[in-house]
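To keep things clear, I will list the structure first and then write my remarks on it.
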Amino acid sequence: MDFLFQSILNGILAGCIYALFAMGLTLIYGVLNFVNFAHGELIMWGAYFLYFLMGKPFGFPLPIALIPALLLTILLGIGMDRFVFKPLRTANRLTLLIAALGLSFLLRNGAQFLWGAELRTYGFEIKRGLRILGISITLNQVAIILTSIVCIVFVYLLFHRTRLGKSMRAVSDNLELARVMGIDSKHAIQFAWVIASVLAGVGGILLALDTNLQPGMGLINLVKAFAATLLGGVGNIWGALLGGIVIGLAENLGVLVISPGYKDAIAFGIMVLMLLIRPSALLGRQE
Amino acid sequence: MDLFLHLCVMIIIYIIFAMSLNLEVGYTGLFNFGHVAFFGISAYTSALLSLQQVPFELSLLIALAMAGLWGFLLSIPSLRLRGDYFGIVTLGFGEIIRMVFQNEVWFTKGPMGLPGIPKPILFSYRFATLSQYLLLTLGFAALTFLILRIILRSPFGRVLRAIREDEVAAEALGKNVFFFRIKSFVIGSLFAGLAGTLWGHYTTFISPGDFTLLETILVLLIVVLGGKGTEWGPVLGAFVLIFFQESLRFLRLPAEWTRYLAPLQQMIFGGLLIVLMIFRPEGLLKEKGRGSNAGN
Amino acid sequence: MKRIVHLILISLGILIFINPSASAQDTYKIGAAFALSGAIAVYGEGFKKAVDLAVEEINTAGGIKGKKIEIVYEDNKSTPKDCVTAVRKLVAVDKVPILFGPAGSSNFMAAAPVAQESKVVMLSAQGAAPALTKAGEYIFRVFPSDVLQGKGISDLCVSLKYMEVPIMYVNNDWGLGLKNVFVENFKKAGGKVTDEIPYDDGKTDYRTELIRATKGNPKAVVNLTYITSGAVMFKQTYEMGIKTQWICGSAAKAPKLVELAGKAVEGIIGTYPVFSQETKEYNAFRAAWKKKYGDDKVPIFGEYNYDMVYITAKAIEKGGYTSGGIQKALFEVAKGYRGVTGDKTFDQDRGVGSEYGVWTVKDGLIVDYKK
Amino acid sequence: MLEIKGLSKSFGGIHAVSNCSFGLKDYVITGLIGPNGSGKTTLFNLITGSIPPDKGEIYFKGNRIDGLLPYKVAQHGIIRTFQLTRIFPKMTVLENMLLAPLHQTGEILWSLWVKRRRIRDEEKAYREKALGLIETVGLSHLKDQFAENLSYGQQKLLELGRAFMADPKMILLDEPTAGINPSLIRKIMELILKMKESGKVFFIIEHNMGVIIELCDWVFVLDNGEKIAEGKPKEIQNDPRVIEAYWGV
Amino acid sequence: MTSILEVQNVYSGYGKIEVLHGVSIQADSGEIVCIIGPNGSGKSTLLKTIFGLIKPKRGVVLFSGRDISLKEPEEKVGMGIAYIPQGKNIFPSLTVRENLEMGGTPLHDSRVIEKALQDIFQRYPVLEKRMKMKAGSLSGGERQVLALARASMVQPKLMLLDEPSLGLAPKVIEEIYERINAINHAGVTFVIVEQNARKALKSAHRAYVLDLGINRLEDTGERLLNNEEVKRLYLGG
């Protein structure tokens, strides 16, 4: 039974990471109504920013480097919007999609240009996990689960308790009406990018702490995050969490049964099935 | 000269591949992000058959039929979806097909790939050398171009473009949008299959690594760069893009730079796409107004 | 219309008329279609360092008959498609009579027909798949075939009395090929393979694959892994507190793996084509490496690439700078040649033989395994 | 000709069309009026199959057509126009017209290869007819322009011409004069009258009462999804129920 | 009385479609001005142009004597103009309370917003009862009340209403107009667009009739109510 519980834990862990990524995706989708294919690169750059600040010549310790790394990620996110997506606000979907793909290419190879394709680590010592009820969990993993929950609660509170968050929801509900209220939609959109970038940065750093850094780390997880988004309902924060965990569990439990070579096909399979069975349910919005 | 011929063969195969995608993306407005699946399906079909000594004519036909059949099977459930969701389903399909190539070792030899695919013999003429193969691909490309031209300039093609422009209006004029889309998708898959078959018999070796999402993106770029919905767009796009990619080899930069150069090239690639989408989303060639050409 | 035709013609024109610079007439050019970018660029960079070291030494010592060697590197982007293009370019544009082929069996398999058909000698210091022997008489490798290694791993398991093992392997040509040889030999030796788990390289999470492999607490698990996936896997094994004996292949024997996974790889063992590290050749090589690169982290297969350059230089010296000459001379110069990696005599399949040794990680260093 | 029985449709609890019954008989041009949000366009959408009805039946020339997909309805000979014109922007005016004829041989893939002559002849005939109609609607000088380059009024004319081109048994026009200037309204009315001469049957949603009175032989009035009156335009004008619907209580 | 809003000879429309071909209206401080006209006469377009959602091609819009023709809607809200569009005029996935808070956006300070909110709740106990409900679950009449209350949050000088009675039952319409009158008594000027004219004309001090994008008539509400020409415009003649 241990291995089953351990697999469930693994599924939840993977799911938390997917959920963090999915929230960022869903946020931008909610406000701007497009799929940001370059979100994975935002994640990856978040992790690399931290690496950059922890390495020479800065050599900051993790807690100090964290804040500037997230700030840099935010800067990148806002830059993405300012220079790529803003000029394309009124463009059609295919144009936007291709531009986002281009951006993903640019940023991924940018990281490879600077740091090379090889794996890197933050250089922390590897520790054995704690054993609880026969399953093992490391402090990093506890941090991942806690941080994901904190992030989701934080985003939830932000959206439901602060004026800025509420106005973002208003913008995502009905942009024109929001303008009519005098809500600064540009500000709200920018803020959405800030939050999405923070989520991406945190997610990237956690992923890198748990595993390694490499330029492709965002892209390979983005597809899963995307499946999670679709599963949980686009624009729905709790849905992103639920979708992430369902995908994570399905993958990890699935591997116990089918050939692990098809691990990635599981997320795709779920996504395709969802789209085919209940295409309307995926829009996730009432009305 | 051999390199030149080689690049020409590659470019022409990509032209066929891009033309087939152009039919879907450019003319019918279907965002197919899993086009490489059909390229791969027929490359594998034809390779496996040829390795069993099936004559090229027959294995080509079966390969095309397989690509078309899978296109048909995929299109029935997925074409009911909205544009971008359709894109995601096809993307998923493409990846799953690649995983099948990779994992069904008993059938495809998995990651070992299939070596020794024979050069094609068509009506007892063997296309073995580079220039012979160039002729073969050129012939098929011309044939593809002509067939697609006849289809696209016909009333049938006119309906496809109408569906791209406004499916509701097309439906209100009595056109069965769903059927036309399926047909377009199947034809597109078929010609992607032709490109795949030619590819396999050219390199004589195929492996799952040849059929990644990156390939779909490359042809998509060719179509978009050249000018989607135009007859010559894929041709121009393939020339420009592959030329751009390969010309970097000739800059004779120090090998130490390669570590930087390869990502730099891809960065330029990505940047170019963004700039193109912002400043000239229609690509190099613009779709022009034209009357009906079928009648005269 | 006109504009398109012009654009196409101009690009074609540039393609044709770009002349490989004639200035390099006073050197012997050797092609190298290496993975300088893409999935296995980690390996390509190491190969290049080793090749550069050998070339520098030869050139400093006066080159070949007074002419220097020049390596023309061509990036194969780690994909079969670009391997073909890279080799085509080296053959057609740089007109090299000999080239160093790509690593990774499927890349190698894609490139080999081009070299064979153009009658250009292609040497490889890594292509290990058994099928490579059939590629043609111009295709050589200075690296032992996986047939030997697969048997080596099987023998190791048997000698350590691990008769029931699951096997995990990177789901690519190398992993699958090696797995097949292993399974065949292991069954013959009376062993039982309890589970087969393929996985993709370059993932961030292998926890559940690891759990599946160690289900039922096997005493040992064979894992044919690369550096990238291996680093992640061993780390996650350690974190999950899984205790089993890992048995790897040669691709994991890399300082980089230890650097990435730290104490998690302590005690893992693996086979590798063995050559004595006590010889004067090896000591000289190690000293030279340290002098040039300032460390002694010789990259995986670096020694083979180094030897490959020397054999090539000798073959050019003896057979002349033509592919036919080199092809014939290779057999003669390699016969009995003792390089850093030992005896490099080619067999009739144009490959080399080797002993297999066992390595392990002890105190963060890769050392020979002793029971 | 067109018979509607007990037709109902609601969206999220709001009755867009409720229990509507009426028959279009021999009237050549029938009008459909009603205040904003009274369900006129929904009724059109139900007839043409864009949305399925919740309840009720629709018969056209004795054939039941409710629940059919839009293209099937169109193939029965009912062609519609849209409130906000729907032309094919990146196709020329001529191509827009040529799309309209139903059951073209050249739209069947197989016949592209085996019936080339027939397609050529058909296309030639359609082309001539299209050019004639383009001239009638006054767009001859623009025939090779992309439709997106036309002004809104011209696009309306094109859409109308395209509907005529389909040679339908019945034409449904959704606000043919909305958003265009008075001189063009005149022209559109003349066109409709001209087509009426050639035996076409029209069903028109229109809010411009002047147009209704001049064109229509019979008018239905909808309010809140229900038919509240029908009759000759002049009678309708003075019907208190109609006045109430428009003016409020 | 001073004129708070003046629209002078405005041309405006969407893209290629020009809807207003030179319309002028004027509203005095404290008035309820009603704009009626058949479908497609350009009433909604006029309101959108006044509010800045569409920029006029020609002509000017003056607010308290200042030219605001080219100002963005966000700025106009800050100047004391509120606009309630027709149909979808609430945020369905936000709660009632949140909807009201959104209406208070130009007030900036949270405390001020909270105060305004309490004020509103006092005047609209109905809304206080539902404050935690998603606005999407309100009935049509309640939505309209919410929209009105939300617009009142900033205590605007001028309110632009686009078809407040659309799709509502007569009784509910009655209630909405009572609310409008109440707000008007507190000194707020209204410009109301209605197709369903009778109710609006009864409340209106003055009214304009638009037809096909130009002014047709201007008179007091009462008199227009009995004007035969207006009837003809609606029902033909």
Can you tell me which of [options] forms the most heavy-atom pairs within a distance under 4.5 Å of chain B?
{"options": "His76(D), Lys90(D), Glu159(D), Arg80(D)", "value": "Lys90(D)"}
{"options": "Arg162(D), His103(D), Glu107(D), Glu122(D)", "value": "Glu107(D)"}
{"options": "Pro168(D), Ala74(D), Gly106(D)", "value": "Gly106(D)"}
{"options": "Lys143(D), Lys72(D), Met165(D), Gln104(D)", "value": "Gln104(D)"}

ask   = Are Arg149(B) and Phe145(B) in a cation-pi contact, defined as NZ or CZ under 6.0 Å from the six-membered ring centre and within 45° of the axis?
value = no
message = Whether Lys183(B) engages the ring of Phe180(B) as a cation-pi pair (distance to the six-membered ring centre under 6.0 angstrom, angle to the ring normal within 45°) should be assessed.
response = yes
remark   = By residue number, those in residues 108-116 of chain D with heavy atoms under 4.5 Å from heavy atoms of chain B are Leu109(D), Leu112(D), Trp113(D), Arg116(D)
task = Verify side-chain contact (heavy atoms from CB on, under 4.5 Å) between Met277(B) and Val224(B), making sure each step is shown before the conclusion.
result = CA-CA 9 Å; Met277(B) 286 303 105; Val224(B) 171; 3.2 Å; yes
query = Under 3.5 Å, side chain of Gln155(D) to main-chain N/O of Leu150(D), donor-acceptor pair present?
reply = yes
Asn22(B) side-chain N/O to Thr230(B) backbone N/O, donor-acceptor pair under 3.5 Å = yes
Using a 3.5 Å cut-off and no angle test, enumerate the donor-acceptor pairs between side-chain atoms of residues 186-195 of chain B and protein atoms at least two apart in sequence or in another chain.
| residue | atom | partner | partner atom | Å |
| --- | --- | --- | --- | --- |
| Ser189(B) | OG | Phe185(B) | O | 2.7 |

ask   = Relative to each other, are the rings of Phe31(B) and Phe33(B) parallel, tilted or perpendicular (30° and 60° limits)?
value = parallel
query = Taking 4.0 angstrom as the limit, do Asp167(D) and Lys200(D) come out as a salt bridge?
reply = yes
ask   = Is the CD atom of Glu135(D) crowded by more than 12 outside heavy atoms at less than 6.0 Å?
value = no
query = Mind checking what makes ring-ring contact (aromatic ring centres under 6.0 Å, His included) contact with Phe17(B), not counting sequence neighbours?
reply = His35(B), Phe39(B)
ask   = Side chains of Lys175(B) and Arg158(B): does their closest heavy-atom pair fall under 4.5 Å?
value = no
message = Give the interface residues of residues 163-171 of chain B toward chain D, defined by a heavy-atom separation under 4.5 Å.
response = Arg164(B), Glu165(B), Asp166(B), Val168(B), Ala169(B), Ala170(B), Glu171(B)
